[in-house]
Asks: 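Dropping the structure in here first, questions after.
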Amino acid sequence: MVSSCISGGLHNTKVKCSLWNRNNFLPLNLFEQFQRIANAYFLFLLILQLIPQISSLAWFTTVVPLVLVLAVSGVKDAIDDFDLSCRLKDEKWMNVQVGDIIRLENNNFVTADLLLLSSSEPHSLTYIETAELDGETNLKVKQALTVTAELGEDLQKLTEFNGEVKCEAPNNKLDKFTGTLTLRGEKYALDNEKMLLRGCIIRNTEWCFGLVIYAGPDTKLMQNSGKTTFKRTSIDRLMNVLVLLIFAFLALMCLILAIGNGIWEYDKGYYFQVYLPWAEGVNSASYSGFLMFWSYVIILNTVVPISLYVSVEIIRLGNSFYIDWDRKMYYPPKDTPAQARTTTLNEELGQIKYIFSDKTGTLTQNIMCFNKCSIHGKSYGDVYDMSGQRIEINEKTEKVDFSYNQLADPKFAFYDHSLVEAVKLGDIQTHRFFRLLSLCHTVMPEEKKEGNLVYQAQSPDEGALVTAARNFGFVFRARTPETITVVEMGETKVYKLLAILDFNNVRKRMSVIVRSPEGDLTLYCKGADTILYELLHSSCDSLKEETTEHLNEFAGEGLRTLVVAYKNLDEEYFQDWIRRHHEASTALEGREDKLSELYEEIEKDLMLLGATAIEDKLQDGVPQTIETLARASIKIWVLTGDKQETAMNISYSCNLLNDDMDDVFVIEERVTYLFYFHKVVLIKHKFLYKPLILFWIFFSFRDARKKMKPESFLDSDEINIQFEKSSKKPKVLPDEQANGVYGLVITGHSLAYGLEENLELELVRTACMCKVVICCRVTPLQKAQVVELVKKYKKAVTLAIGDGANDVSMIKTAHIGVGISGQEGMQAVLSSDFSFAQFRYLQRLLLVHGRWSYIRMCKFLKYFFYKNFAFTLVHFWYGFFSGFSAQTVYDEWFITLYNLVYTSLPVLGMSLFDQDVDDRWSLLFPQLYVPGQQNLYFNKTVFVKCMFQGIYSSLILFFIPYGAMYNTVRSDGKAIADYQSFALMVQTCLLIVVSVQICLDTSYWTVVNQFFIWGSLSVYFAITFTMYSDGMYMIFTASFPFVGTARNTLSQPNVWLAIFLSITLCVLPVVGFRFLKTQLRPTPSDKVRKYLIKPEILQQHLRRLRRTSTRRSGYAFAHQHGFGALIMSGRNMRPKSPFATTGTFSPNIRKCSEKPLVGQGTRT
Amino acid sequence: MKNKMSFLQQEGEACPSRCPDNSAFRQQRLPAWKPQFTITAVLSTFFLTGMFCLSVGVCLILSANSIREIQIDYSDKCSDCSKLRENSSNWNKECLCSVNFTLKEDILGDVFMYYGLQNFYQNHRRYAISRSDAQLLGQNVNNSYCAPFTTYQNGTPMAPCGAIANSMFNDTFDLFYNLNSSVTQVPLLKTGNSWWTDKNVKFRNPKSYNLSSAFAGTSRPPYWQKPVYLLDEEDERNNGYINDDFIIWMRVSAFATFRNLYRRVRRIRQFADGLPAGNYTFHISYNFPVTKFKARKHVILSTVVWSGGSNPFLGIAYVISGTAATLAGFVITAIHLKLRKRKTYFQK
């Protein structure tokens, strides 16, 4: 093991915030830019142009676009860089270094891996919430070494603290840490229980001190967050391939023309030397051909125009701004607008096939709400109107007024007034119900200010239950190891706590045994219905039925249910029991077994009290969003660090899983049972364990697949054939269609095995056939591995969405990372590409913004390639008529300005404003999203079509003017077939044709589009007439030789007739084909556009979502043991709770101590 | 009123600092026209275009047919001269050749006389750029644009310089009308044949008290028989760079086959209505050697119409396109009728 020594000391590391500063921006940026292959290519062209024998165009044709492009990119880089440096400055904690001692306070965010030294709590316990880290919502407890706990908050001692920590090298294991602390010559072992990892939040602990062990990128969290890779979209990659293809095509054209030139020079040019001697240094036709190759490279380079890349960036930037500006993705409560943090991935948003989502904080709000309950056969929680109809609860529904209770939590909301009435009337069962909730739990109270109670619960469910009891008048106020203080309807009572029968995963219930001030002995129990129903007294049978009905109702609404029961205990029996309990708990052997036996003995013949229903609050609109996304045939995978139980529960409540599914497969490592039975064998032969599990999981996957698609096992199956053929694994798996709708649940360990080399293929094949995949107890790194796996085997675009630091890795790995912003931690947002405050905005991001971006980008590329092919290939045809002499068809100025001025704005206008259907319709018909996933709007085939259309247009554009001008004269007998007139005519034709083409492509004509299109044409004529004017000729004689051409040519009727004919021939076939295509093979958007926008259709499609689940879901108990033992031992109790014994409200006596600044550390 | 106020306030509260503007542009709700390919639009486009093209095509063909044109290829008819010209040492030997032809009908209206060249690559890039516009504008500049015909070896600059000027077409034509054995020279106009802009803007003689002094210090291009200031000794305004023949030659053609306006028939006396029927003779002074590179020379007499010269291409192309568009319109109608019943809505 590599060990690193930490013994304090200063490191001076400077973070280089900015890539460049003001002075060196220009040279550095230019250097950066010329590293881009495209810009380098244009530099190469520029150099070619400087060779006189080759130069076929004036220098400005390349320099002007290049300078413009470099300027635009440079400005964009400058802005981006400015943003970057601003962002970095925002981050605190930059200066934390290994060896620092840091003071943390309650609710602080831990930003380095710390060794816990001491804390404010007894026994230097520190409570942390790890939701950021693993998605679990329960509190966890950490404890410092006794030797360091002594340091307390004595700054003097802390400053003098001089120890040496030896630990393992930074790694990504979140649950493991080994090291030693050498202090005053003695060695102490360190483990994970003493570590506060970056990403945790301190809870319920006033202060604590920690020694930085790993900082910055060395922290376990950052080690888990994977590499930051530069993301490129699939269109980018396709574009690169296409550009290479075009280069090949360019080379081919140049080669043909070069050979043509060789032949021409040999056949004709050689004899024409009387009038035109060969250029200096050219002594043979073949050498002339060679030079002409390069000349044509210069002329034909516009097939790959430099403005392509800049335009693409501008379009993406524009579409990113729309995301930033969208009010429908703005979340007012947190004042958080959506943000496109990466401006280069927009169109990819329109192609998402897989969504990987975190659960806690993404799908759910991480808030538990006491929502409903059933007390003694009566259900509370629903609100009815006068006629007895149930009312949907919304913000306007009147809340129950808890003002009678001064200790009530103002944030608690309840709508059913009858329950308060019942409490106020003093209904015994209701009182007992709430008394139970206020007693039976392991919550810790905190009352810093009189009446301002804060509960620190191990699980948020418990907190919700205790808070409910508190509001209804049963305020849990304080606890000591032996007592629980409850204010019951304003009257303070101190119950004696005799035993906590704590929760564990097998028992699925917890009980407390208390003695009331009156002296009654009672056992209060709460637990999962399935378990508790077995333990009830037979007299409760009728009540059981009623309660079951209510439970079903609650479960149907996706609430987490819990059954509560009580039992009055016999004094004598209890004394006996408690004695045996004491014996068992001190037993050296088989303590656990003995204890659970005892627990079972006393927890029987319980009296049913009722049931509670807790809502794990989903974020708004999650089920609807998930349904919409599913209808867009996006597959959703939930990757959570949470337990299988909770994960599945949430999946059901947000409609990911439902009863309409044909089956939900659960892959878990049942081998643990296997292991249990074959303990003896396996302990002896441990090496058998892993193959056994692998074997088991392999077959679980195969079973699932067999059910979903039996024919995938046939030899005739496509993938199997692929397997047979090549020894290597197929790189990309085609999509397989299952015979129904299936879900898959995988637990963390099985996933770990599934991700191994030989199983991953099986995992991908099976999982990708399912509509929904849930992975539970997944580590951050595994999240990334899962995403990586799908990326590896599926040709699909993936999106990862999450809010916490544990999602960073998958956010970075996926093609698109989305962070939920507005939460406490910023880790996910900082590494994301897009961020917004609510999960439900995802549908708008994908179905509206993504789709539009994709369609716009595709339309742009199609048009762009078309217009440049049409533009450039005319030179190619002209080569055959001009002795292959690299003569251009157009005026050089036209070549310079064509892409930059004449045609750039209309296509930009289209790519920024076009909407085939508006946002309502794209959300209403998620099917519209599917073509993007299948890459239908721009791929190689489409490109080839564009190319052919371009070739066709160029043929028309050359040969119609050629035919019309051939050997003819004007109507006054003067020249018209001269080179300049021909050039003007062809370029006018071309410009009108491409403008009409953009009109055909534009389906959403805003004022801006009109302005751009008409403006560009007017600008063309204006510039042309200006450049061909007398004045310009007099000043710049050499640059504008076309003087008078516009006036002389464009006044001729036959010129306009030729122009009209070219336009007709270029455009009319396109109109015909497009129309027939919408008739014969309509795209989804064609179909939608056929609808008349009628309100009734809108209504018809806005059908309401109904949950049909009847699944009973349990309570989110912690995975490990509860805090019961801690409470009973009193280890986590403060010496004295300030208000524990006061029943009346007294003035604030506690002084607020001044708190040192956060993060103020002393160095060892 | 009060309600409205509070509503506004709420709006303001709901949208604090970071809330995006509610402008139509930012929310992508700009009002827009959303045209669609409807059957009516498409069919009317096709049929209207078809009809329009057909009618234009017919007009063009009819008017092109009314053109009278006589084209004479004299490359072979003057073979003696062309042989003589093959040897460049004979450059200053004069060679005359005459070509007879008969007009069966009168050619009425303006008659234009062209010379035509075939297979002469005026559009070759190096040829087409080998000129100095500044020099032709009368400016005294030392130009490198004219390569390879810039200066003589002794340093004397050529005026005009460049390959185009050097290769200027220098055959001359005289047309004689033979009526009852009396020979009348047909009066021809040698000016007003070029673009106004060329004559008045693009070409200017260097300023000096007379033309020959203006060109002092320069020398004629190597293939020329006389210096530029002697191109037209009769007409001061048609001499030097602003000589019409020179200007027309300098407007290089787009293709290797082209015709340039040489003279117009002056409509006086018996030629007031054009050229009467009868026998004519071209007297050609054959100076321009083309046989080496297999070019051919023509002399052409032609009238023009509103659509220009005697090129039938546009007319035919229009007729074909019009027919095709109309037929396509019918095909589309047929397909549409066949498909009309098929439902293309979304199946939800």
Side-chain angles (χ1 to χ4, degrees), chain A residues 268 271-272 274-277 279 322 325 327 330 332 335 337 881-883 885-887 925 963-971 973-979 982 1003-1006 1030 1037-1038 1041 1043-1044 1048 1053-1054 1057-1058 1061 1064-1065 1068 1071-1072 1074-1076 1078-1079 1082 1087-1090, chain B residues 14 16 18-20 22 26-28 30 32-34 36-37 42 45 49 112 121 123-128 133-134 137 148 163 167 195 197-198 201-202 248 251-255 257-261 292-293 304 306-309 311 313-314 317-318 321 325 328 332 335-336 339 344-346:
Chain A
K268 290 179 177 162
Y271 304 101
F272 194 59
V274 203
Y275 290 128
L276 184 68
Y322 285 133
W325 289 336
R327 278 165 77 95
Y330 168 76
D335 188 23
F881 296 85
S882 63
S885 59
Q887 176 69 303
F925 294 96
M965 294 299 99
Y966 185 75
N967 230 347
T968 193
V969 291
R970 296 203 321 200
S971 52
K974 294 176 186 177
I976 185 77
D978 64 303
Y979 169 72
F982 179 72
S1003 46
Y1004 193 79
W1005 283 78
T1006 63
D1030 305 350
T1037 309
V1043 58
N1048 283 295
N1054 54 346
L1057 283 177
L1061 185 64
T1064 310
L1065 288 179
L1068 213 55
V1071 174
R1074 294 240 169 124
F1075 178 73
L1076 287 182
T1078 58
Q1079 295 278 305
K1087 290 180 188 171
V1088 167
R1089 268 142 66 95
K1090 282 214 146 190
Chain B
R18 296 174 68 197
C19 182
N22 192 11
R26 291 194 168 196
Q27 301 308 316
Q28 305 198 61
L30 285 177
W33 173 53
K34 293 169 235 176
Q36 284 194 33
F37 281 125
V42 171
T45 311
T49 319
F112 297 86
Y121 281 83
N123 60 0
H124 192 284
R125 183 175 56 83
R126 282 192 300 110
Y127 179 87
D133 285 323
L137 202 54
S167 60
W195 287 4
T197 45
D198 283 356
V201 181
K202 201 170 180 181
I248 288 171
R251 181 152 286 282
V252 296
S253 110
F255 300 101
T257 301
F258 59 94
R259 56 174 66 170
N260 280 347
L261 185 56
K292 243 187 179 172
F293 48 92
V304 294
W306 64 273
S307 60
N311 185 339
F313 174 83
L314 262 186
Y318 260 100
S321 310
I332 289 173
I335 293 176
H336 179 74
L339 288 178
T344 46
Y345 295 135
F346 240 128

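Please read all numbers here as calculations on a predicted model, not as lab measurements. Letters go in sequence order (proteins before strands), and every chain restarts at 1.
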Asks: Chain A heavy atoms under 4.5 Å from B:Gln28: which part of the residue, side chain, backbone, both or neither?
Replies: both

Asks: For B:Ile335, is it the side chain, the backbone, both, or neither that has a heavy atom closer than 4.5 Å to a heavy atom of chain A?
Replies: side chain

Asks: Heavy-atom cut-off 4.5 Å, strictly under: side chain, backbone, both or neither for A:Ser1003 against chain B?
Replies: backbone

Asks: With a 4.5 Å cut-off on heavy-atom pairs, point out which of B:Thr45, B:Leu137, B:Asp198 contacts chain A the most.
Replies: B:Leu137

Asks: May I ask you to name which of A:Tyr979, A:Tyr275, A:Tyr322, A:Tyr966 has the most heavy-atom pairs under 4.5 Å with chain B?
Replies: A:Tyr275

Asks: I'd like to check B:Val42 versus B:Ile332 (side-chain heavy atoms, cut-off strictly below 4.5 Å). Are they in contact?
Replies: yes

Asks: Heavy-atom distance under 4.5 Å to chain B: side chain of A:Ala886, backbone, both or neither?
Replies: both

Asks: Taking atom types as modelled and ignoring hydrogens, do the side chains of B:Ser167 and B:Tyr127 form a donor-acceptor contact shorter than 3.5 angstrom?
Replies: yes

Asks: Verify side chain to side chain contact (heavy atoms under 4.5 Å, CB included) between A:Asp978 and B:Trp195, making sure each step is shown before the conclusion.
Replies: CA-CA 12 Å; A:Asp978 64 303; B:Trp195 287 4; 3.9 Å; yes

Asks: Could you check which of A:Ala977, A:Gly1044, A:Pro337 has the highest count of heavy-atom pairs closer than 4.5 Å to chain B?
Replies: A:Pro337

Asks: Which region of A:Pro1053, side chain (C-beta onward) or backbone (N, CA, C, O), has a non-hydrogen atom less than 4.5 Å from a non-hydrogen atom of chain B, or is it both or neither?
Replies: side chain

Asks: Verify the ring-centre separation between B:Phe293 and A:Phe272: is it less than 6.0 angstrom?
Replies: yes

Asks: Do you know which of A:Asn967, A:Thr1037, A:Thr968, A:Asn1054 has the most heavy-atom pairs under 4.5 Å to chain B?
Replies: A:Asn967

Asks: Would you say the ring centers of B:Phe255 and A:Phe982 fall short of 6.0 Å from each other?
Replies: yes

Asks: With chain B as the partner, which of A:Ala1038, A:Ala964, A:Ala1058 has the greatest number of non-hydrogen pairs under 4.5 Å?
Replies: A:Ala964

Asks: Please state whether the side chain, the backbone, both or neither of A:Leu1065 comes within less than 4.5 Å of a heavy atom of chain B.
Replies: side chain

Asks: Between B:Ala254, B:Ala317, B:Gly309, who has the most heavy-atom pairs with chain A when the cutoff is under 4.5 Å?
Replies: B:Ala254

Asks: Other residues, nucleotides and ligands only: do more than 12 of their heavy atoms fall within 6.0 Å of CZ on A:Phe881?
Replies: yes

Asks: Would you mind checking which part of A:Leu1076 comes under 4.5 Å of any heavy atom in chain B, side chain (CB onward), backbone (N, CA, C, O), both or neither?
Replies: side chain

Asks: Check for a donor-acceptor pair, side chain of B:Arg125 on one end and backbone N or O of A:Ser882 on the other, with a separation under 3.5 Å.
Replies: no

Asks: Less than 3.5 Å apart, any donor N or O on the side chain of B:His124 or A:Gln887 sitting next to an acceptor on the other?
Replies: no

Asks: Which of the residues A:Val1043, A:Leu1057, A:Val1071 is involved in the greatest number of heavy-atom pairs with chain B at under 4.5 angstrom?
Replies: A:Leu1057

Asks: Quick one: list whatever passes ring pair (Phe, Tyr, Trp, His ring centres under 6.0 Å) with A:Tyr1004, sequence neighbours left out.
Replies: none

Asks: Does any backbone or side-chain atom of B:Phe112 lie under 4.5 Å from a heavy atom of chain A? Answer side chain, backbone, both or neither.
Replies: side chain

Asks: Apply side chain to side chain contact (heavy atoms under 4.5 Å, CB included) to the pair B:Arg26 and A:Arg327, showing each step before the final yes or no.
Replies: CA-CA 9 Å; B:Arg26 291 194 168 196; A:Arg327 278 165 77 95; over 6 Å; no

Asks: Highest number of heavy-atom pairs under 4.5 Å with chain B: which of A:Thr1064, A:Ile976, A:Asp1030?
Replies: A:Asp1030

